[in-house]
Number of protein chains: 2
Amino acid sequence: MTATREPLSRERVLNAALALADAGGTDALTMRRLGQELGVEAMSLYRHVANKDAVLAGIVDQVISEITLPPPSDGWKAAMRSRGVAAHQALIRHPWAPALLMSRTNTGPAMLRYIDYTLGVLREAGFSWRLTDYAWNTMDSYIYGFTLRKLNFPIAQPDYADVASAHVHLLAGGGFPYMAEMTRHVMAGNHPGDPDLTFGLDLILDGLERLRG
Amino acid sequence: MTATREPLSRERVLNAALALADAGGTDALTMRRLGQELGVEAMSLYRHVANKDAVLAGIVDQVISEITLPPPSDGWKAAMRSRGVAAHQALIRHPWAPALLMSRTNTGPAMLRYIDYTLGVLREAGFSWRLTDYAWNTMDSYIYGFTLRKLNFPIAQPDYADVASAHVHLLAGGGFPYMAEMTRHVMAGNHPGDPDLTFGLDLILDGLERLRG
DNA sequence: GCTGTAAGCTTACGACGTAAGCAAGAGTGC
DNA sequence: GCACTCTTGCTTACGTCGTAAGCTTACAGC
């Protein structure tokens with residue numbers, strides 16, 4: 001009289017893995033817990049997935065697939081700008097993702113699509129192959145770097161007050177006058193502690209525009 | 001008649017940890033192996049170090065301390081440029097470091113010194129606090145992001161031929177025309193596969209110069 | 001019914017970080 | 001010389017991890 005449960009599948013495994021990572025970060029994603037979440041023993045997962053690394057690759061690609069790619073007809077600059085913002089937003093929605101994304105070689109279908117789109121927009125806008133490669137690399141280095149940094153910046157975290165007070169004694173020592181003053185400015189509200197992606201992105205895009213001629 | 005061995009110390013532990021990470025990456029750095037390297041049991045390390053996380057924080061700060069900071073008298077732009085290059089080089093010397101650097105909140109003495117230096121150069125060059133913060137954030141997001149990306153880019157690895165041939169079938173499918181063509185250009189030697197830090201860095205610095213007015 | 005194949009289960013191994021308590025030696029005060 | 005404390009390193013053990021090897025069960029096609 002037991003209802004025959006839905007059989008496992010690579011897709012079901014990856015969905016559960018994504019949910020687990022979203023809920024508790026990479027640490028919460030273990031094969032045992034993943035099995036538990038699916039009502040199955042850990043070893044059963046290996047019928048549908050080569051190993052844990054494949055799971056990680058799968059969920060990273062899933063996140064990349066969430067990046068909405070604007071139509072190239074918007075013009076290369078606008079397209080690259082909103083592509084960058086969309087990537088940043090998708091990654092922020094899954095805070096565990098950037099570290100994974102940047103510390104592995106990713107060749108999932110969504111990633112390849114995403115790269116090909118980017119190269120295509122730049123090429124069609126008249127950038128040389130060399131400049132296209134450099135431009136792509138520069139933008140993505142910045143976007144991913146910025147996102148990862150932001151996620152680990154104490155200021156962006158709810159326990160900012162704790163962190164700040166824990167470090168105040170370091171700054172008070174007098175060895176780091178500029179940091180101390182900067183902290184004072186941020187705490188006084190003169191200046192947003194939360195960094196802004198578009199500042200640097202626009203800097204890069206304007207520079208690329210000038211190089212394109 | 002056994003020679004009394006050199007007693008452990010936080011410094012000796014960190015030095016050995018750094019050597020271990022340099023030799024085999026983060027995975028090779030375990031408390032047991034670290035003890036073994038020092039001729040000591042793993043648990044003995046805990047007398048000199050709070051836990052493994054403290055070890056990681058220690059060696060990351062060690063790497064940061066290797067970044068040579070140019071004299072601010074060179075002018076802010078030249079100083080920021082060679083600071084960036086120096087940071088990149090130091091991180092490349094310790095390929096395991098960028099991932100660690102970017103996935104934790106770092107408040108070691110070398111890191112604080114490094115940040116304070118950067119803020120100081122920008123402030124003394126006349127940047128507002130707001131612009132100083134944005135500039136610092138943009139530069140470092142790019143530098144770290146670029147370095148981490150480069151380390152995980154298959155092209156930078158000795159097994160590039162393998163990696164390329166393993167992915168050729170994906171490109172050959174026709175779904176990714178621009179990537180395919182780019183790969184062809186790189187393989188034909190028309191274009192360096194190895195990315196260049198200074199391209200993006202100069203883009204950013206030129207943009208900052210314009211903003212400073 | 002028989003048999004082949006797939007899906008999930010069981011057990012087990014060798015890592016890992018580290019908590020708790022023990023042992024042995026080095027100073028120190030008398 | 002002797003007890004005392006403090007420091008340093010060692011022993012043992014626990015719970016967790018990824019996953020190799022082999023087993024069981026259920027169903028499909030004949």
Side-chain angles (χ1 to χ4, degrees), chain A residues 1-62 96-97 99-100 103-106, chain B residues 1-62 96-97 99-100 103-106:
Chain A
M1 205 50 198
T2 63
T4 55
R5 67 187 162 193
E6 179 103 1
L8 242 47
S9 69
R10 184 184 144 84
E11 200 197 345
R12 290 221 317 140
V13 171
L14 291 186
N15 285 347
L18 188 67
L20 219 46
D22 279 344
T26 312
D27 286 351
L29 177 52
T30 71
M31 295 306 272
R32 284 171 166 84
R33 263 230 267 280
L34 185 48
Q36 197 176 318
E37 213 71 17
L38 291 161
V40 134
E41 292 301 314
M43 288 310 292
S44 304
L45 302 170
Y46 287 84
R47 290 273 164 203
H48 303 94
V49 137
N51 50 34
K52 186 176 180 181
D53 217 59
V55 174
L56 296 179
I59 60 176
V60 167
D61 206 56
Q62 190 77 229
W96 47 269
L100 235 47
S103 56
R104 57 179 37 252
T105 302
N106 298 288
Chain B
M1 204 48 200
T2 62
T4 55
R5 66 187 165 194
E6 178 100 4
L8 243 45
S9 69
R10 183 185 145 84
E11 199 197 346
R12 291 221 315 140
V13 170
L14 291 184
N15 285 346
L18 189 66
L20 219 45
D22 279 344
T26 311
D27 285 351
L29 176 53
T30 71
M31 296 304 273
R32 284 171 165 85
R33 264 234 264 283
L34 185 48
Q36 197 176 318
E37 212 72 16
L38 291 160
V40 135
E41 294 300 316
M43 289 310 293
S44 305
L45 302 170
Y46 287 84
R47 291 275 166 204
H48 302 93
V49 137
N51 49 35
K52 187 176 179 181
D53 218 60
V55 174
L56 296 179
I59 60 176
V60 167
D61 207 55
Q62 190 78 230
W96 47 269
L100 235 47
S103 55
R104 56 179 37 251
T105 302
N106 298 289

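A, B, ... follow the sequence lines: proteins, then strands. Residue 1 opens every chain.
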Among the nucleotides C/dT18, D/dT8, D/dG18, which one has an atom lying closest to any side-chain atom of B/Arg47?
D/dT8

Starting the side chain at C-beta, find the nucleotide from D/dG18, C/dT10, D/dG9 nearest to B/Val40.
D/dG9

Separation of atom [atom1] in [X] from atom [atom2] in [N], rounded to whole Å:
| X | N | atom1 | atom2 | value |
| --- | --- | --- | --- | --- |
| B/Leu29 | C/dG17 | CG | P | 8 Å |
| A/Arg33 | D/dT16 | CZ | P | 10 Å |
| A/Arg10 | C/dA7 | CZ | P | 15 Å |
| A/Lys52 | C/dC16 | NZ | C1' | 13 Å |
| A/Leu45 | C/dT10 | CG | C1' | 15 Å |
| B/Met31 | D/dG9 | CE | P | 13 Å |
| A/Arg32 | D/dT19 | CZ | C1' | 9 Å |
| A/Asp27 | D/dG18 | CG | C1' | 15 Å |

Taking the side chain as every heavy atom from C-beta outward, state whether B/Leu38 and B/Arg12 have any pair of such atoms under 4.5 Å apart.
yes

Side-chain heavy atoms of B/Val13 within contact of B/Tyr46, under 4.5 Å:
no

Side-chain donor/acceptor of A/Asn15 to backbone N/O of A/Leu18, under 3.5 Å
no

Do the side chain of B/Asn51 and the main chain of B/Ala54 share a donor and acceptor less than 3.5 angstrom apart?
yes

Starting at the 5' end of DNA chain D and moving along, which residue's nearest nucleotide shows up first, B/Glu41 or A/Tyr46?
B/Glu41

By nearest heavy atom, map A/Thr30 and B/Leu8 onto DNA chain D; which one lands nearer the 5' end?
B/Leu8

Is the phosphate of D/dC10 approached by B/Ser44 (side-chain N or O, under 4.0 Å from OP1 or OP2)?
yes

Side-chain N,O (A/His48) to OP1/OP2 (C/dA6) below 4.0 Å:
no

Looking only at non-hydrogen atoms, find the nearest pair between B/Ile59 and B/Ala21 and report the distance.
CD1-CB, 4.2 Å

Nearest-nucleotide wise, let me know which of B/Asn51 and A/Ser9 is further upstream toward the 5' end of DNA chain C.
A/Ser9

